[in-house]
Student: 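The structure that follows is given in the form of structure tokens.
Remember, it's a predicted structure, so these values are computed and weren't measured experimentally.
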Amino acid sequence: MKKIFTIVIFTENKIGLLNRVTSLFTQRHINIESLTTSESEYDGIHRFTVVIEETEERTFKVVRQIEKQVEVLKAFCFTDEETVSSEIALYKIKLDDSVDSSSLQAVMDKHDAHVKEEVGKFLIIEKTGLKQETHVLFEALKPFGIQGFVRSGRVSLSKTISTFSKHLQELEAHSKEIISQ
Amino acid sequence: MQTLTATKEIKKKSQIITGAEAVILSLLEEGTETIFGYPGGAIMPIYDSLYGYQDRLKHVLTRHEQGAIHAAQGFARVSNMPGVVFATSGPGATNLITGLADAKIDSTPLVCITGQVPFSLLGTDAFQETDVISLSMPVTKWNYQVTKPEEIPAAIAKAFYIASSGRPGPVLIDITKDAQFASLSYDYKKCQGFRSYNPSPRIDENKVKEAAELINNAKRPYILFGQGVILSEAEKEFQAFVEKTGIPAAWTLLGLSALPTDHPLNVGMLGMHGNYGPNKLTNQCDVLIAVGMRFDDRVTGNLARYAKQAKVIHLEIDPAEINKNVKTDVPILGDAKKSLQMLIEQCHANEHTDWLEQFEELNDLEYKKVIQNELNPDKEGLTMGEVIRRVNDLTDGDAVIVTDVGQHQMVACRYAKFKKTKSNITSGGLGTMGFCLPAALGAKLGAPERQVVGVIGDGGFQMTLQELGTIFQTQAAVKIIILNNEFLGMVRQWQQLFFDKRYSSTELVNPDFVAVTKGFGIEASSVAERENLDVGLKTMFDHQGPYLLEVKVEKEDNVFPMVPSGASVDEIRLE
Ligand SMILES: Cc1ncc(C[n+]2csc(CCOP(=O)(O)OP(=O)(O)O)c2C)c(N)n1
């Protein structure tokens with residue numbers, strides 16, 4: 001049975017690695033639902049967050065293939081229950097006479113959204129949350145006329161203690177050990 | 001070859017030299033003696049530097065970059081040293097792709113160096129610009145684009161380290177032309193490891209213990225061995241393990257020659273065209289011990305009915321291979337040599353006479369139904385098998401046999417006899433037609449003291465026959481046998497068996513192979529009758545230099561036994 005998995009990958013910060021990692025999904029015909037890369041809490045180490053919908057077995061196998069790539073330090077995979085995740089959505093609404101600003105405010109309040117900026121004749125509304133939540137707001141804003149909409153990739157942190165720093169220490173010790181041999 | 005220029009002294013440390021010269025010096029630091037390649041605009045500075053080092057670095061000018069990379073593969077596989085390849089940008093680089101894919105799937109260490117357009121032209125669709133980094137990404141173990149000269153020594157050091165450690169594979173370094181021209185302060189330091197690459201996982205002693213216990217209590221244990229044994233140079237340990245435990249052992253296509261073919265516990269070949277017993281009894285053993293092999297689908301047939309009754313032990317260096325195709329009960333992650341050393345200690349000396357006898361019984365059956373007719377046929381036309389049998393006799397099983405892809409490959413691997421390791425060179429995982437001729441040349445250059453025999457189909461020969469030019473120029477004394485059936489034989493066999501004999505585009509109208517070969521300046525002859533076969537082969541082996549023998553074989557013979565695709569290994573057919 002397929003479900004949503006969040007794959008977190010720690011890598012060296014190297015050109016082309018993103019390409020190498022995504023092609024592992026392409027080769028297996030796995031669609032990437034969302035992908036984010038950023039710095040991690042460790043100096044010089046990058047963090048990819050990839051969301052896919054797959055069976056557990058195929059997910060585990062692709063994670064092992066990712067981990068095997070030179071310059072990938074470690075890959076983890078989590079179910080939704082194991083992580084706290086978020087996405088940001090921005091909505092552009094045109095302000096004209098037909099827009100009832102008090103009912104627009106009511107919709108924003110109800111959905112825990114706020115005005116990010118008012119630019120000329122437009123309002124940029126921001127909401128953070130899971131995909132379902134930003135989607136519900138999208139539906140609610142439709143009657144006001146949405147001029148633009150964008151949703152970011154998912155960012156996630158696991159609910160448990162990170163084992164990566166221990167792993168990193170081990171990797172560094174092990175590579176020193178090899179060097180000294 | 002004599003040259004006019006005085007050759008250079010190897011540079012002392014911290015000298016200012018060009019990027020191009022740094023490439024050459026770095027290769028020398030890594031012990032490179034032979035390079036296979038083809039020049040062009042974007043790699044000319046490197047070729048120019050090479051000119052000054054011809055006394056220490058031999059460059060083999062092939063006739064096509066695909067020829068260069070297959071030759072480097074042949075070289076690497078006989079010597080266990082990384083093969084080194086040069087090619088120019090654009091078409092030079094794209095011509096490497098097939099060889100990279102082949103080396104990746106067959107775990108062959110290669111260091112390929114391609115020239116690239118200058119940094120300022122990257123992304124402008126410049127003349128002969130291709131994005132070789134993206135193109136080669138899925139078919140390399142690692143690749144890297146160098147745009148500054150000072151990156152060159154470290155990039156090459158890393159390339160050699162990655163190519164040859166852990167599960168080996170091809171790497172590619174793309175160097176922009178301006179980085180080749182510009183100068184750097186040169187220092188070389190070998191790469192000995194870095195944190196984001198762990199080539200030799202620490203072996204878990206508990207797993208070794210668990211495995212030994214399973215093995216010691218097994219009634220019908222069975223060993224499958226692959227190229228991992230050869231790549232980790234564990235042949236001695238492997239043989240000791242087999243002998244101490246008394247367990248029958250069967251090989252994958254790439255494991256062939258890791259254990260002498262005539263060893264009493266060597267029960268034969270696995271897979272689609274492997275031997276009858278080794279396939280059938282896979283589904284009867286109680287403990288399956290896989291050593292340095294990856295359960296390729298050509299070995300396992302239908303996975304849903306593969307060794308389901310057995311406990312599986314898997315000795316493997318690549319974590320991604322564990323549980324990939326076959327569920328493993330006891331994985332031993334690590335280098336095969338070390339794992340085997342640890343395992344031998346904990347395994348009891350044993351014999352499995354009754355179990356071994358089952359292999360012998362099935363072998364007798366296969367002998368009567370298939371092998372006898374193949375090796376000693378009483379029909380008129382020549383069989384591929386009898387050619388291989390005579391090659392065995394005349395080389396005393398001591399030759400390196402290089403094969404192409406198709407029926408002749410399966411027949412050669414089924415019947416060739418090997419005493420020494422690293423003696424069977426074939427394109428296994430990718431099944432690349434055109435592999436043999438250049439790979440045989442590379443093998444001869446990698447093991448000049450050994451007899452190297454290439455066995456090729458009439459189809460595959462015509463995919464890279466331009467390399468006869470390289471063989472002529474180098475005078476590498478390879479012996480080439482074309483087994484000519486005037487068909488793309490293996491495809492024709494499938495058409496006969498599974499497509500109602502509809503021979504769609506598999507019949508070849510061939511050129512005169514002897515005339516073609518002689519046109520390249522290489523001696524050649526052709527035989528079509530049994531009584532001439534021996535003379536033909538002897539003439540070939542007695543000849544000093546390279547030689548090509550065409551053997552006209554039966555046109556529509558089939559290779560058996562066969563596990564039809566989708567079938568289970570125990571449904572192997574003898575006819
Ligand atoms: C580059 C490439 N193209 C196509 C194939 C598919 N293929 C596999 S075996 C074969 C026939 C080989 O014919 P030949 O070289 O005459 O050898 P034979 O099988 O007759 O011994 C073909 C076309 C392949 N393996 N490689």
Side-chain angles (χ1 to χ4, degrees), chain A residues 9-30 40 42-48 55-75 77 164-181, chain B residues 101 104 107 122 131-147 151 155 157-159 161-163 165-174 189-202 303 316-325 327 331 333-335 338:
Chain A
I9 309 160
F10 290 95
T11 75
E12 303 285 4
N13 185 8
K14 287 276 158 66
I15 293 178
L17 244 168
L18 177 64
N19 208 344
R20 212 172 249 287
V21 168
T22 53
S23 80
L24 293 171
F25 293 95
T26 313
Q27 188 190 358
R28 289 162 182 77
H29 210 92
I30 300 175
S40 73
Y42 305 95
D43 234 12
I45 293 179
H46 250 59
R47 179 192 195 107
F48 297 3
T55 62
E56 187 175 86
E57 189 187 340
R58 277 170 54 85
T59 304
F60 287 173
K61 283 183 185 171
V62 77
V63 166
R64 279 202 296 273
Q65 293 292 340
I66 292 168
E67 225 168 44
K68 172 171 151 179
Q69 302 308 312
V70 175
E71 289 160 347
V72 167
L73 290 144
K74 185 79 190 158
C77 81
F164 180 65
S165 65
K166 188 166 158 263
H167 184 78
L168 186 61
Q169 280 169 8
E170 275 168 18
L171 284 177
E172 286 176 344
H174 188 56
S175 74
K176 278 201 195 100
E177 200 177 289
I178 296 177
I179 291 171
S180 64
Q181 265 167 20
Chain B
K104 173 96 187 290
S107 311
L122 285 177
D131 178 5
V132 66
I133 292 294
S134 295
L135 273 171
S136 66
M137 200 155 272
V139 290
T140 48
K141 186 173 170 187
W142 181 71
N143 63 11
Y144 187 72
Q145 187 170 60
V146 171
T147 56
E151 294 177 322
K158 204 166 165 183
Y161 179 69
I162 293 171
S165 57
R167 177 177 178 174
V171 304
L172 183 140
I173 304 280
D174 191 37
K189 223 173 104 223
K190 278 205 174 192
C191 175
Q192 287 171 306
F194 52 101
R195 65 180 183 187
S196 49
Y197 174 60
N198 180 10
S200 54
R202 207 173 284 133
L303 277 172
E316 171 61 52
I317 197 161
D318 178 356
E321 290 299 346
I322 306 262
N323 287 325
K324 188 181 84 176
N325 297 332
K327 217 187 130 345
L333 197 56
D335 176 68
K338 285 186 213 144

Student: Between B:K104 (side chain only) and B:P170 (backbone N and O only), is there a donor and an acceptor less than 3.5 Å apart?
Tutor: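 Side chain of B:K104 to backbone of B:P170: no pair is present.
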
Student: Shortest non-hydrogen contact from B:Y161 to B:C191?
Tutor: CD1-O, 3.5 Å

Student: Compare every heavy atom of B:K189 with every heavy atom of B:A157, then report the nearest pair and how far apart it is.
Tutor: CB-O, 3.4 Å

Student: Report which part of A:K74 has an atom under 4.5 Å of a heavy atom belonging to chain B: side chain, backbone, both, or neither.
Tutor: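 Neither part.
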
Student: With a 4.5 Å cut-off on heavy-atom pairs, point out which of B:I133, B:D318, B:I162 contacts chain A the most.
Tutor: B:D318

Student: With chain B, which of A:Q65, A:E12, A:Q69 has the greatest number of heavy-atom pairs at distances under 4.5 Å?
Tutor: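 Max contact count across the listed options: A:E12.
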
Student: Which region of A:E71, side chain (C-beta onward) or backbone (N, CA, C, O), has a non-hydrogen atom less than 4.5 Å from a non-hydrogen atom of chain B, or is it both or neither?
Tutor: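 For A:E71, heavy atoms of backbone and side chain both lie under 4.5 Å from chain B.
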
Student: Is it the side chain or the backbone of A:L168 that comes within 4.5 Å of chain B heavy atoms, both, or neither?
Tutor: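 Contact with chain B: side chain only.
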
Student: Should the ring pair A:H46 and A:F48 be called parallel, tilted or perpendicular, given that the plane angle runs from 0 to 90° and is split at 30 and 60?
Tutor: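 Correct class here is perpendicular.
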
Student: Count the heavy-atom pairs under 4.5 Å between each of A:E57, A:K14, A:R64 and chain B, then report the option with the highest count.
Tutor: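 Between A:E57, A:K14, A:R64, the count favours A:R64.
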
Student: Using only atom types and a distance under 3.5 Å, with no angle test, would you say the side chain of B:S107 pairs donor to acceptor with the backbone of B:R167?
Tutor: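 No; zero donor-acceptor contacts below 3.5 Å.
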
Student: Could you label the plane-to-plane angle of the A:Y42 and A:F164 rings as parallel, tilted or perpendicular, counting under 30° as parallel and over 60° as perpendicular?
Tutor: perpendicular

Student: Would you mind checking which part of A:V70 comes under 4.5 Å of any heavy atom in chain B, side chain (CB onward), backbone (N, CA, C, O), both or neither?
Tutor: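 Both parts, heavy atoms under 4.5 Å.
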
Student: Of the backbone (N, CA, C, O) and the side chain (C-beta and beyond), which part of B:K190 lies under 4.5 Å from a heavy atom of chain A, both, or neither?
Tutor: neither

